[in-house]
Asker: 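I'd like to ask you about the structure that follows.
All values derive from a computational prediction rather than experimental measurement.
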Amino acid sequence: MSLNEHIESVKRSVQRLDDYGLAETIEPFSDLRMDNTGFLSIKVTLINKNELYIREYLNGQSGVEIVSYSYQYQSAGR
């Protein structure tokens, strides 16, 4: 699997929140670099105004390695 395939897979998974009517907005951002590394960031605002943040730093030099990650669920108004 390439970095691009991994990123698209995560985006498709998060898109299911919208498919089920649970997401108000989904804001994906990805940056693939020439040295075969990358960054993925997704902000999801849910219908109850809570937010989900997904961040992954990726290394694709030999397969896909998630170098570091952060998944944060934040209640509305905090």
Asker: Give the minimum heavy-atom separation between Arg55 and Ser41, together with the two atoms involved.
Answerer: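 Shortest heavy-atom separation between Arg55 and Ser41 comes out as CG-OG, 4.1 Å.
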Asker: Is it the case that over 12 heavy atoms from other parts of the model lie below 6.0 angstrom from the OH atom of Tyr57?
Answerer: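 Counting other residues, nucleotides and ligands, OH of Tyr57 stays at 12 neighbours or fewer.
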Asker: Under a 4.5 Å cut-off applied to non-hydrogen side-chain atoms, are Val10 and Glu8 in contact?
Answerer: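 Result no, sub-4.5 Å side-chain heavy-atom pair not found.
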Asker: Within this structure, what is the CG-CD distance for the pair Asp18 and Gln15, rounded to the nearest 0.5 Å?
Answerer: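 Between atom CG of Asp18 and atom CD of Gln15 there are 5.0 Å.
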Asker: For Arg12 and Val14, run side-chain contact (heavy atoms from CB on, under 4.5 Å): C-alpha distance rounded to whole Å, both residues' side-chain angles, the deciding distance at 0.1 Å, then the answer.
Answerer: CA-CA 5 Å; Arg12 280 192 308 273; Val14 171; over 6 Å; no
Asker: Could you state the interatomic distance from CG (Leu3) to CZ (Phe39), rounded to the nearest 0.5 Å?
Answerer: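 Taking CG in Leu3 and CZ in Phe39, the distance rounds to 13.5 Å.
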Asker: Answer whether the closest heavy-atom distance between the side chains of Asn36 and Asn59 falls below 4.5 Å.
Answerer: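 A side-chain contact is absent here, since even the closest heavy-atom pair is not under 4.5 Å.
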Asker: Is Leu22 reachable from Ile26 through a run of hydrophobic residues whose side-chain heavy atoms are each under 4.5 Å from the next?
Answerer: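 Same hydrophobic cluster.
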Asker: So, Arg33 and Asp31, do they make that salt bridge, N to O below 4.0 Å?
Answerer: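 Salt bridge flag = yes for Asp31 with Arg33.
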Asker: Under 6.0 Å from the OH atom of Tyr73, do we count more than 12 heavy atoms belonging to anything else shown?
Answerer: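 It does: Tyr73 OH has more than 12 such atoms within range.
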Asker: Can you hop from Ile42 to Tyr20 via hydrophobic side chains spaced under 4.5 Å?
Answerer: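 Yes, it is one cluster - the side chains of Ile42 and Tyr20 are joined through contacts under 4.5 Å.
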Asker: Using the rule that two of Ile, Leu, Val, Met, Phe, Trp, Tyr join whenever any of their side-chain heavy atoms come within less than 4.5 Å, decide whether Val67 and Val64 are in one cluster.
Answerer: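 No, it is not one cluster - the side chains of Val67 and Val64 are not joined through contacts under 4.5 Å.
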Asker: Taking the six-membered ring for Trp and the full ring for Phe, Tyr or His, determine whether the centres of Tyr69 and Tyr71 are under 6.0 Å apart.
Answerer: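 Under 6.0 Å, so yes.
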Asker: Taking Ile66 as the starting point, is it possible to reach Met1 by hopping between hydrophobic residues whose side chains are less than 4.5 Å apart?
Answerer: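 Yes; Ile66 is reachable from Met1 via cluster members.
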Asker: Please examine the side chains of Leu58 and Leu32, heavy atoms only from C-beta on, and report whether any two atoms are closer than 4.5 Å.
Answerer: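 When only atoms from C-beta onward are counted, Leu58 and Leu32 do not touch, as no gap falls below 4.5 Å.
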Asker: With heavy-atom distances below 4.5 Å as the criterion, would you say the side chains of Leu52 and Ile54 are in contact?
Answerer: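 Side chain of Leu52 against side chain of Ile54, heavy atoms only: contact under 4.5 Å found.
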Asker: Just checking, is any N or O donor in the side chain of Thr37 or Asp35 under 3.5 Å from an acceptor N or O on the other one?
Answerer: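 Note: Thr37 and Asp35 side chains meet the donor-acceptor criterion.
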Asker: Sort out for me which residue in Lys11, Glu65, Glu56 forms a side chain to side chain contact (heavy atoms under 4.5 Å, CB included) with His6.
Answerer: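 Among Lys11, Glu65, Glu56, the one that satisfies the side chain to side chain contact (heavy atoms under 4.5 Å, CB included) with His6 is Glu56.
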Asker: Taking all atoms of both residues into account, what is the closest heavy-atom pair of Leu40 and Ser30, and its distance?
Answerer: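 Closest approach of Leu40 to Ser30, heavy atoms only: CD1-CB, 4.2 Å.
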Asker: Does Ser2 offer a backbone N or O that forms a donor-acceptor pair with the side chain of Glu5 under 3.5 Å?
Answerer: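 Answer holds: yes.
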